[in-house]
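We're numbering straight along the sequence, starting at 1. For ligands, and for the atoms within them, numbers begin at 1 and follow the listed sequence. FYI, side chains are in, hydrogens and waters are out, and symmetry mates aren't considered; it's all heavy atoms of this structure.
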Amino acid sequence: MRKSKEVIALFVITIALLFYVTCADAAPKYVFLFIGDGMASPQIHATEAYLASLEQDDTVAGGVKAVNLTMSRFPVHGMQMSYANNRFITGSAAAGTALACGKKTNIGVIAMDPDGINPYTSIAELAKEKGMKVGIISSVSIDHATPAVFYAHQPCRNNYEQIGFELLNKNFDYFGGGGFRVNKWNSEQYADMTNEERYQVVEDTAVNNGFTYVDTRSEFDALNRNSGRVIAVNPYLDGSNAIPYALNRKEASGSGEAYEGSISLAEFTKKGIKLLKNRDGFFMMVEGGKIDWACHANDARTAIDDIIAFDNAVKVAVNFAIKHPRNTLIVVTGDHECGGMTLGFAGTAYESYYEKLALQTVAYDDFDNIVLEAYKESHDPAPEGIDDDMWEIILDNFGMDGANLTDDENDDLTPYEISLIEDAFDKTMHGTSNNPADEDNLLYGHYNPLSVSLTHLLNRKAGLSWTSFSHTAVPVPVFALGCKSRSFNGYYDNTAIARKLARAMGVSLGN
Ligand SMILES: [Zn+2]
């Protein structure tokens with residue numbers, strides 16, 4: 001098993017080196033830009049440590065401590081600074097604008113100057129002008145800040161209606177992933193419409209504008225080269241019109257919902273290649289958007305599974321590049337760090353127990369909306385303290401034992417840890433807390449106190465911790481492979497990425 005993995009790793013490295021030295025002088029025909037939202041070194045390496053821990057107990061001396069992701073194996077590595085025009089710690093709109101347009105802007109602005117008056121041109125728009133086909137893919141709603149900066153120009157990221165219609169009127173060739181935030185549409189004419197009626201407007205407008213619009217698995221599978229320009233929406237969407245978390249899509253999910261037929265980021269990417277491949281090349285942006293959301297919620301396991309899903313999409317591009325080594329360029333980066341994740345915790349000091357993260361079976365959102373809601377319904381009024389049913393739920397979904405339900409002492413919670421969960425249970429079930437408000441704010445952010453306390457505890461027991469419910473300014477790695485990838489070496493501003501891409505593609509972003 002180990003041996004064959006080493007052979008595969010060696011093969012990947014050889015291929016990577018081959019790309020590094022054999023690229024033609026011509027501009028790459030096929031360009032992929034992968035953006036892990038909220039993904040920086042801590043998130044990437046936590047995933048690598050977790051994957052290693054699945055192979056063995058990572059506390060055993062001498063064992064493998066990290067299984068590298070596909071992106072980490074790329075031959076060219078850089079590092080970027082993510083700050084926004086008007087704030088050191090950036091947001092997705094400003095960071096995305098830098099990555100797409102090569103220019104800084106203010107927080108919340110979508111591909112426009114800081115005052116939101118003059119539009120910037122994106123690398124995707126230039127690719128289209130050059131005659132390439134363009135695809136934009138995201139695991140969150142397709143009108144969300146990161147995908148939007150490539151095709152829309154708005155002074156405010158919350159202009160979902162305007163962003164949605166910019167998409168529907170765009171000359172791009174493929175939009176795939178999450179849906180539209182029609183519930184945020186705010187002009188008079190949609191005021192009396194249900195969300196379903198608004199989605200009908202989306203579909204009708206798409207079709208009128210020459211798109212093929214699909215939102216079922218079978219229609220998606222049937223898409224091919226003859227489908228023309230495509231908008232493909234995942235058959236399952238969460239409350240924010242995003243694709244469900246990879247962890248929740250697993251068969252063993254504690255929520256009991258496997259979201260059968262849900263489309264993965266890798267599948268959207270594979271389909272993109274099929275739809276976009278042509279003589280004049282393509283530009284494809286693929287966003288792993290919910291890595292960020294899981295990190296906002298301080299849920300490491302959920303972030304890790306979405307990073308694995310993101311890396312699987314990268315793998316699809318690498319397999320394509322192996323077939324087209326002389327004219328493919330792949331760049332993988334994040335837009336900013338999120339959550340202030342770090343790989344170490346005071347309570348575990350120098351030890352790590354990442355295998356404990358494998359005990360979590362459901363992401364925080366399905367735990368809140370499905371597991372906890374079912375508990376509340378069957379326990380009305382909620383008990384004063386945590387009862388055996390709730391301890392069983394906590395054991396099943398997070399592998400932590402607060403009531404000696406198993407003989408295994410490894411999963412036992414300490415009295416201090418139990419007191420933290422009891423406090424959070426009170427706050428969630430009864431809205432009561434003995435803590436000062438600012439302490440509750442630091443403990444729970446605006447998340448469900450119980451679920452965020454459970455992920456905090458499990459993460460800390462693994463030896464991993466968080467400093468924030470927001471983004472941080474930790475520099476973000478850049479990985480590049482293939483034609484013209486060498487320029488991505490070094491330490492630079494996030495705006496340099498779009499400029500390096502433009503230079504590689506032989507287009508100009510202007511000043
Ligand atoms: Zn972001």
Side-chain angles (χ1 to χ4, degrees), residues 33-44 46-47 71 79-112 122 124 136-152 154 156-160 163 177-178 181 238 240-243 245 265 285-300 302-304 306-307 309-310 313 331-341 445-446 466-478 493-495 497-498:
L33 174 60
F34 286 89
I35 302 174
D37 204 308
M39 184 189 79
S41 317
Q43 285 77 11
I44 294 167
T47 307
M71 59 180 118
M79 191 71 97
Q80 49 125 327
M81 297 171 282
S82 65
Y83 61 85
N85 184 59
N86 60 340
R87 211 170 67 188
F88 180 53
I89 298 178
T90 196
S92 293
T97 297
L99 295 174
C101 308
K103 290 178 184 144
K104 294 283 193 197
T105 195
N106 284 356
I107 296 299
V109 177
I110 300 291
M112 295 186 88
S122 81
I136 304 292
I137 300 169
S138 177
S139 56
V140 298
S141 68
I142 199 70
D143 50 10
H144 213 255
T146 308
V149 294
F150 289 87
Y151 63 81
Q154 290 292 330
C156 178
R157 61 177 290 172
N158 296 327
N159 294 352
Y160 286 105
I163 293 170
R181 299 204 75 178
D238 70 11
S240 301
N241 288 284
I243 300 177
Y245 281 115
L265 211 54
M285 191 290 294
V286 183
E287 188 207 15
K290 290 181 80 169
I291 299 163
D292 181 67
W293 298 6
C295 290
H296 275 293
N298 292 180
D299 182 342
T302 298
I304 285 170
D306 260 47
I307 288 171
F310 176 71
V331 177
V332 184
T333 189
D335 57 349
H336 49 72
E337 200 278 337
C338 182
M341 179 196 255
H446 62 270
W466 306 87
T467 63
S468 180
F469 295 103
S470 304
H471 304 159
T472 76
V474 168
V476 182
V478 183
D493 192 69
N494 58 358
T495 52
I497 293 176

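- Counted by atom type alone, Asp37 and Ser92 present one or more donor-acceptor pairs between their side chains at under 3.5 Å.
- Not a single N/O/S atom of Thr90, whether from backbone or side chain, sits less than 2.8 Å from the Zn ion (ligand 1).
- Here the closest non-hydrogen pair linking His296 and His471 is NE2-NE2, 3.1 Å.
- Not a single N, O or S atom of His471, from either the backbone or the side chain, sits less than 2.8 Å from the Zn ion (ligand 1).
- Nearest heavy-atom pair, Pro477 versus Ile44, reported as atom, atom and distance to 0.1 Å: CG-CD1, 4.0 Å.
- Counting only distance, with no hydrogens or angles, the side chain of Glu337 and the backbone of Gly340 share a donor-acceptor pair below 3.5 Å.
- By the 6.0 Å and 45° rule, Lys290 does not stack over the aromatic ring of Phe310.
- Rounding to the nearest 10°, we obtain 120° for the angle at the Zn ion (ligand 1) between Ser92 OG and Asp37 OD1.
- Computed with the Zn ion (ligand 1) at the centre, the Asp335 OD2 to His336 NE2 angle is 100°, stated to 10 degrees.
- Residue Asp292: no N/O/S atom is found under 2.8 Å from the Zn ion (ligand 1).
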